[in-house]
Amino acid sequence: MRTQRGTLDSTLNRYRLPIIELLDDLGTEPSAFNAVGLREFLLRRVKCFSQGKSKNLNTAVRMFLRFLIARGYCAPGLEHAIPTVAKWRLSSLPKYLSVQDVECLINSCDQCSPLGARDRAILVLIARLGLRAGDVSALKFGDLLWEEGTLIISGKGRRQARLPLPQEVGKAILHYLRHGRPHKVGDRIFITTTAPFVPISRQAVGQTVARAIRRTGISAPTQGAHLLRHSAATRMLREGVSLPAIGALLRHASIETTTVYAKVDVDLLQEVAMPWPEVQPC
């Protein structure tokens with residue numbers, strides 16, 4: 001998965017436990033696997049799981065079966081025995097904050113402290129460029145092309161993309177590098193503020209957003225970094241940015257992923273809504 005599909009180690013780590021549970025349940029001889037046993041294993045597990053955890057379980061098992069089939073360890077076609085978890089496309093609205101609340105989170109950081117300087121740089125990166133938590137934690141000095149005013153991001157599947165580096169984002173990063181980051185500690189940009197000084201994890205990026213929400217007392221629908229990513233996309237849509245342009249910035253593999261944000265533009269939706277039969281329009 002890592003070598004041929006570019007899967008990140010964080011994703012592979014999420015696959016480990018489901019695969020271990022599968023082997024504990026069905027045994028370590030893949031040639032004995034069958035469709036009935038696989039489905040029964042999954043149905044027993046998903047009864048107590050959330051939708052997200054169920055999807056991760058199914059994906060992990062399906063990926064593992066494809067590997068076993070490719071190596072000739074189990075019968076071909078068994079991956080088709082894995083049922084999909086029902087999730088209706090575009091059935092929910094993106095969770096986001098208003099522009100005012102996002103600015104409140106950013107301005108709540110104390111730039112005089114190393115933690116505050118780092119937090120502000122992280123929040124500005126996500127709020128202005130819609131980066132994922134993993135994108136932020138993986139940033140290296142070589143990814144910052146100051147003379148060109150661009151930023152290189154290695155996203156899902158290790159696909160590289162070059163994004164614009166706004167002046168506000170650049171200034172926030174520079175302030176952190178000069179006043180908050182320990183010197184001569186590796187090539188990753190964001191480092192822990194206490195010893196031992198090591199690169200932060202994607203979980204630490206999410207904790208940065210949660211810390212700012214607690215600090216400001218803002219009522220937020222979620223606490224993670226994706227909240228600011230959704231907020232960035234929603235803000236751009238309401239400012240008139242096209243869906244293809246938003247999808248390019250967010251590095252969506254398909255425009256269909258971006259279309260979910262169209263539902264948050266209520267004013268535009270009212271213009272295209274069909275009148276209800278036998279009811280006078282408002």
Side-chain angles (χ1 to χ4, degrees), residues 1-92 131-140 142-143 152-161 187-188 198-206 224-226 229 247 250-258 260:
M1 293 289 289
R2 183 188 299 112
T3 303
Q4 298 184 8
R5 302 191 62 170
T7 306
L8 298 177
D9 288 343
S10 57
T11 302
L12 293 176
N13 286 334
R14 291 201 303 272
Y15 289 169
R16 290 182 68 249
L17 184 57
I19 293 173
I20 290 173
E21 291 177 347
L22 173 71
L23 297 175
D24 287 342
D25 193 284
L26 300 184
T28 57
E29 184 49 61
S31 61
F33 291 177
N34 58 62
V36 174
L38 289 168
R39 282 197 292 265
E40 289 179 347
F41 162 75
L42 290 166
L43 291 174
R44 285 195 299 271
R45 293 297 192 278
V46 300
K47 286 180 179 178
C48 304
F49 287 176
S50 65
Q51 185 184 69
K53 193 171 181 180
S54 298
K55 286 181 70 67
N56 182 67
L57 171 66
N58 281 24
T59 301
V61 173
R62 191 178 293 113
M63 294 297 101
F64 185 53
L65 287 174
R66 287 174 179 167
F67 165 75
L68 295 176
I69 292 169
R71 300 298 293 268
Y73 295 152
C74 71
L78 273 183
E79 76 274 20
H80 300 302
I82 306 302
T84 58
V85 177
K87 183 178 182 181
W88 314 120
R89 291 186 63 254
L90 306 179
S91 62
S92 60
L131 300 189
R132 299 181 178 92
D135 300 335
V136 175
S137 63
L139 275 178
K140 299 180 180 180
D143 297 329
I152 297 176
I153 299 295
S154 297
K156 287 186 176 180
R158 304 187 192 275
R159 293 188 297 268
Q160 284 195 346
D187 62 344
R188 295 267 282 275
V198 296
I200 64 171
S201 64
R202 57 190 298 272
Q203 289 77 16
V205 176
H226 241 60
R229 178 174 165 87
L250 298 184
R251 291 157 291 123
H252 286 157
S254 170
I255 188 63
E256 293 181 356
T257 306
T258 316
V260 68

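Remember, predicted model here, so these are calculated numbers, not experimental data.
In terms of the side-chain contact (heavy atoms from CB on, under 4.5 Å) criterion, residue partners of Asn34 (sequence neighbours excluded) are, by chain and number, Val36. Residues satisfying the side-chain contact (heavy atoms from CB on, under 4.5 Å) criterion with Leu23, sequence neighbours excluded, are Ile19, Thr28, Phe33, Phe64.
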Which donor-acceptor pairs under 3.5 Å do the side chains of residues 38-46 make with protein atoms, sequence neighbours left out?
unit_1: Arg44; atom_1: NH2; unit_2: Asp25; atom_2: OD1; d: 2.8
unit_1: Arg44; atom_1: NH2; unit_2: Asp25; atom_2: OD2; d: 2.9

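The line from CZ of Phe67 to CD of Gln4 is 9.5 Å long, rounded to the nearest 0.5 Å. We find the OG1-CE distance between Thr11 and Met1 to be 8.0 Å, quoted to the nearest 0.5 Å. Interatomic distance, OG of Ser54 versus NZ of Lys47, reported as 12.5 Å (0.5 Å rounding).
Although no hydrogens or angles enter the test, the distance criterion places no donor-acceptor pair under 3.5 Å between the side chain of Arg202 and the main chain of Arg132. Counting only distance, with no hydrogens or angles, the side chain of Arg188 and the backbone of Ser137 share a donor-acceptor pair below 3.5 Å. Judged purely by atom type and a 3.5 angstrom limit, Asn58 has no side-chain atom pairing as donor or acceptor with the backbone of Lys55.
By the 4.5 Å heavy-atom criterion applied to side chains, Ile153 and Leu139 are counted as neighbours. Counting heavy atoms from C-beta outward, Leu131 and Arg251 have side chains that approach closer than 4.5 Å. Looking only at side-chain heavy atoms (C-beta outward), Leu12 and Met63 stay at 4.5 Å or farther from each other.
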